[in-house]
Amino acid sequence: MEQYDVIGLGIGPYNLGFATLTTEKSNLKTIFFDQNGQFAWHPGMLIEGTDLQVSFLADLVTFANPTSKYTFLNYLHEHNRLYKFFFFHKFQMPRAEYASYLKWVVEQLPNCHFKSEVKDVIDHGDHYEVVINHWGEQKERSYFGKHVILGTGSTPMIPFELDDIGSEHVHHSSQYVYLKDRTIRGDHITVVGSGQSASEIFYDLLKLQEHFDYHLSWYTRSPGFFQLDNSKLGQEVFTPDYVDYFHDLPFQERKESLDHLGQLRKGIQGDTIHSIHELLYHRSVDNKKLPVTIQPLTEIQKVVKNGSRIKVEARQWQKDEDISFETEKVILATGYKPNIPDWFYQRFEDKIVWEDDKRFKVDDNFKLVFKNGKRDHHFYTLTNLEHSHGTGVTNLGLAVDRNIQIINEIAGETVYEEKRDTIFTQFDPE
């Protein structure tokens, strides 16, 4: 029976980084599966002109090995774009180019397989059996591994029932680019949310508004449309040092810390929110009334199809007043939730320790904690970690360190050096 050291479930940036690091420098035998037909990173949100919110240094490998051939800088070099990026004068990568970079890496790795849906994971006491449906070949096969890594990412969060409303009328922001041509033909477009995705979509539609005849609305339940805190010392929470500190806190303190760090976690990039205001200002010269509604403090509670239109029911929660209006298109930039497969609950829900009814216990090296104590075959997770490892778990700058820790533990040696004491802020008292 062929056995792998690690079987990866899902191929997004996190597991792809793990596959890259282990392929380039380790003796670990690994294999990774993804149910999609090919690799694609947030294709529905690759809006022209948008950049990542983190530096190009937060690629798949640089924080582990800056000399790797899989760095973003080497991608630019290989594609004769290094001088162009040099004169781009930004640390941030364009979103579309980051997606192309990831695809370039995937195409070089022999251990990443698509059209491969994980149907089941069975714990055999000293190893795992992973059942894969290779739907492109119409066959099912079992793979055996000492360890597994759950990297199934997230899934769109819809805060209310949509009933029979089609996606051409109401859809999540993850589908924006796909449906944009239909969306801009509506007479009233409503964007819901107050994060970066919502702002990018609103700005994109605002720029197009003069070429089409629609009213553009923007609602959020948040108190306002606030700028992301990019202060340099504040951003030091997105470091391995802070992750170590956070994980050692009791569960209740960890939950409360997430709320306290809201301005560092959620918000709109300064360039985006400034561009929106500048465009609105220029268009309002001579006090021209704009076909634009921007309203915070308002929670969308229900959407109902009303012929060819959508009736939206909402509540201004600070004044406790109900409102309703009609629109033709609704885009829900309402975020994501962890994508935990059904088989996980069937196989592992009763075997692992839970910190509450939704959050499983994860140790400092990203392993699920089992009720039966010590084991030498581990279930690692890169998904649903916010409660255990803090606000930065979705930050690409921390993904490499996470993979370093897992690789070193599985290999039983220091394959990549773990970097600590890297910042100026001190979280633990001396």
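Side-chain atoms are counted along with the backbone in the values below, which use heavy atoms only and exclude waters and symmetry mates. Since the model is a prediction, treat every value here as computed from it, not as a measurement.
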Aromatic centroids of Tyr128 and Phe144 separated by under 6.0 Å | no
Glu409 and Tyr380: side-chain donor and acceptor closer than 3.5 Å?
-> yes
So, for Phe325 and Tyr219, is the gap between ring centers shorter than 6.0 Å?
-> yes
Can you check whether Phe344 and Phe360 have ring centres sitting under 6.0 Å from each other?
-> yes
Would you indicate whether the side-chain heavy atoms of Phe225 and Ile276 approach each other to under 4.5 Å?
-> no
Applying the side chain to side chain donor-acceptor pair (under 3.5 Å) test to Asp51, which of Gln92, Gln269, Lys90 qualifies?
-> Lys90
Please step through side chain to side chain contact (heavy atoms under 4.5 Å, CB included) for the pair Leu102 and Phe39, ending with a clear verdict.
-> CA-CA 8 Å; Leu102 296 179; Phe39 182 86; 3.4 Å; yes
Does NZ belonging to Lys361 count more than 12 external heavy atoms closer than 6.0 Å?
-> no
Using a distance-only test with no angle check, is there a side-chain donor-acceptor pair under 3.5 angstrom linking Glu200 and Thr50?
-> no
Do His147 and His378 have ring centres separated by under 6.0 Å?
-> yes
Taking the side chain as C-beta and beyond, is there a heavy-atom pair between His387 and Lys358 under 4.5 Å?
-> no
Can a cation-pi geometry be assigned to Lys207 and Tyr203, taking NZ or CZ under 6.0 Å from the six-membered ring centre and within 45° of the ring axis?
-> yes
Lys NZ or Arg CZ of Lys25 over Tyr416 ring: under 6.0 Å, within 45° = yes
Between the side chains of Asp59 and Tyr75, is a donor N or O closer than 3.5 angstrom to an acceptor N or O?
-> no
Considering all heavy atoms, the nearest Arg95-Gln196 contact | NH2-CG, 4.2 Å
Side chains of Asn395 and Gln53, donor plus acceptor under 3.5 Å | no
What is the ring orientation for Tyr4 with Tyr143, classed by angle as parallel under 30°, tilted 30 to 60°, or perpendicular over 60°?
-> tilted
Hey, is NZ on Lys367 packed in by over 12 heavy atoms from elsewhere, all under 6.0 Å?
-> yes
